[in-house]
> 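Mind looking over this structure? Questions follow.
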Number of protein chains: 2
Amino acid sequence: MPAPQPPASPDVPAPETPDDPAPAAGTAARAKGRPRSAAADRAILDATREALAELGWGGLTMGHVAIRAKVAKTTLYRRWPSKNELVVDAVAILFDDLVMPDLGSLRADIEAVVAQFADLLARPESQAALLALFAEGTRDPHLRRRIREAIVDPQKRLVRQGRAAAQARGELAADTDPRTAGEEIDIIFDTIAGTVEHRVLVSGEPITADWTRRFTDLLLGPFPSLLSG
Amino acid sequence: MPAPQPPASPDVPAPETPDDPAPAAGTAARAKGRPRSAAADRAILDATREALAELGWGGLTMGHVAIRAKVAKTTLYRRWPSKNELVVDAVAILFDDLVMPDLGSLRADIEAVVAQFADLLARPESQAALLALFAEGTRDPHLRRRIREAIVDPQKRLVRQGRAAAQARGELAADTDPRTAGEEIDIIFDTIAGTVEHRVLVSGEPITADWTRRFTDLLLGPFPSLLSG
DNA sequence: CTGCTTTCGCTACGAGTCGTAGCGTAACTG
DNA sequence: CAGTTACGCTACGACTCGTAGCGAAAGCAG
């Protein structure tokens, strides 16, 4: 789901909301001129991820991407207004096929989700890109929203689903207070996502099965030797 | 503690280790020509932090920093070989005056440490800079080491001290296995640092006293409504 | 097939940044 | 004083960004 520039309409400012309501469903609504090449879209996004993995964020230039995708630089700018937006779409694809494990126990589900996060973050094309996007997001609320929608929310959905599944299995007490349930899920998610991000992206250390087990221990109960009582 | 370029020695490659052994202690060992202006160092680092807070990482240019610090651009390059190194030193200063709270209870200490992290990360001059540095660090092992030494390790020291203090007070069981004690501390630190980073830097949401309390609940024991047993 | 519309590839451009080189001058030592 | 080093200044080549203008290609309506 790229974020195409308003596809031509010469001067209509196009409402700032990124949710295009009309021209989506099914086939293109009205195509009057030469249609945009879908192949070019894929080539550009693929080239972006490849360049990202090879050169990192700093080495990624629009010119390189254009050459690699066998596309004119102008074509690139016709669809994505900036490097940031392009990289969001290129990286977001990686987060599209997140699946909820549902392995039958809360512990197994958590460990599977952690492993899934870790694998995603370990990819060379996402390493620097994610952090650089987060960095830009701190100054650009629009970009932060897009990051949240395309990358963070899909992950959070997994945690929420896992919690619901565990609750259905009777592993969890009933929601104490409906008002605070959302905040609890937020804290749990921030903890899982943040810890994995820190270890993989900042420390650069791998996430092993053993580490995952220990971390899940911490999440599910008192840390083995942390508290005596 | 800046990381000055080898201060002149025309061709000696200067061992890659950033720990300069000799010329540190006390006053300068041997100064033959015009000494480097310490005021310029401070002015550059101050200007870097100011520009960082105003313009963010992307807007920060060496030219601007030089003008703001009333220093020639060449002077800037004589001391820091790249933007990354300069920003590491500029930001690392913020982490210099970390203090271990030692409030008398493990819970209070954890909450104080979390609040301290949160305050540091909430500063406008560190927001984008830290993430951008982390991003570069994923591709530059040397930079990652410097980040670890200047920014991550000081934080980890706090957590380690807090754990030792709690142990001395009898709040913690004795170390189960000396070999795994280090790993435990690592997991706890990664969890605290990563969660705070994610919430502040990625989600952009503030860390309130209430949130800190809930998070500490999660760390110290089973999450209130997470596990029934 | 003939217009009409929109996209595409290409070239060129101005603005901005990076990092370096060269030069004369300032500061400090012996 | 001479010797050494840092400093400010200017200029430079290489690179990137994002845009403009043009002719050609690819579809659609009649």
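Below, read A as the first sequence line, B as the second, and so on, with proteins coming before strands; counting in each chain starts at 1. Just so it is clear, the model here is predicted, and its values are computed rather than measured.
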> Base of dC7(D), side chain of Thr74(B) - is there a donor-acceptor contact under 3.5 Å?
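A donor-acceptor contact between them is absent.
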
> By salt bridge (Lys or Arg N to Asp or Glu O under 4.0 Å), which residues pair with Asp186(A), not counting sequence neighbours?
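Salt bridge (Lys or Arg N to Asp or Glu O under 4.0 Å) check on Asp186(A) returns Lys156(A).
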
> Taking the basic N atoms (NZ, or NE/NH1/NH2) and the acidic carboxylate oxygens, is any pair closer than 4.0 Å for Asp210(A) and Arg214(A)?
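Counted as a salt bridge, because a side-chain N and a carboxylate O are separated by less than 4.0 Å.
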
> Would you tabulate the side-chain donor-acceptor contacts of residues 55-66 of chain B under 3.5 Å, counting partners in other chains and residues two or more places apart, or write 'none'?
from	atom 1	to	atom 2	distance (Å)
Thr61(B)	OG1	His64(B)	N	3.1
Thr61(B)	OG1	His64(B)	ND1	3.2

> Pro154(B): which residues meet the side-chain contact (heavy atoms from CB on, under 4.5 Å) condition with it, sequence neighbours left out?
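Scan of Pro154(B) (side-chain contact (heavy atoms from CB on, under 4.5 Å), adjacent residues dropped) gives Leu98(B), Arg157(B).
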
> With 3.5 Å as the limit, what N/O pairs link the protein to nucleotides 23-27 of chain C?
from	atom 1	to	atom 2	distance (Å)
dA26(C)	N3	Arg34(B)	NH1	3.1
dA27(C)	O4'	Arg34(B)	NE	3.4

> Find the distance Trp80(B):CH2 to dG19(C):P and express it as a whole number of Å.
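After rounding, the gap between these two atoms is 15 Å.
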
> Which pairs of donor and acceptor atoms, one on a side chain in residues 110-118 of chain A, lie under 3.5 Å apart (sequence neighbours left out)?
from	atom 1	to	atom 2	distance (Å)
Glu111(A)	OE2	Arg107(A)	NH1	3.0
Gln116(A)	OE1	Val99(A)	N	3.0
Gln116(A)	NE2	Val99(A)	O	3.0

> Separation of Ile67(B) atom CD1 from dT10(D) atom P, in whole Å?
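Taking atom P of dT10(D) as the reference, CD1 of Ile67(B) is at 11 Å.
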
> Using whole Å, what does the distance between atom C1' of nucleotide dC18(C) and atom CG of Leu76(B) come to?
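Computing the Leu76(B):CG to dC18(C):C1' distance gives 12 Å.
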
> With sequence neighbours excluded, tell me which residues meet side chain to side chain donor-acceptor pair (under 3.5 Å) with Arg49(A).
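Testing Arg49(A) for side chain to side chain donor-acceptor pair (under 3.5 Å), a comparison that skips the adjacent residues, returns Asp46(A).
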
> Kindly write out the residues that satisfy side-chain contact (heavy atoms from CB on, under 4.5 Å) with Glu205(A), not counting sequence neighbours, or none if the list is empty.
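Scan of Glu205(A) (side-chain contact (heavy atoms from CB on, under 4.5 Å), adjacent residues dropped) gives Arg199(A), Ser203(A), Arg148(B).
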
> For the pair made of CZ in Arg36(A) and C1' in dA25(D), what is the distance, rounded to whole Å?
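Rounding to the nearest Å, CZ of Arg36(A) and C1' of dA25(D) are 16 Å apart.
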
> For Arg68(B), give me all partners under side-chain contact (heavy atoms from CB on, under 4.5 Å), at least two apart in sequence or on another chain.
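Residues passing side-chain contact (heavy atoms from CB on, under 4.5 Å) with Arg68(B): Ala47(B), Glu50(B), Ala51(B), Glu54(B).
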
> Could you run down the sub-3.5 Å N/O contacts of the protein with nucleotides 13-17 of chain D?
from	atom 1	to	atom 2	distance (Å)
dC17(D)	OP1	Met62(A)	N	3.3
dC17(D)	OP2	Met62(A)	N	3.1

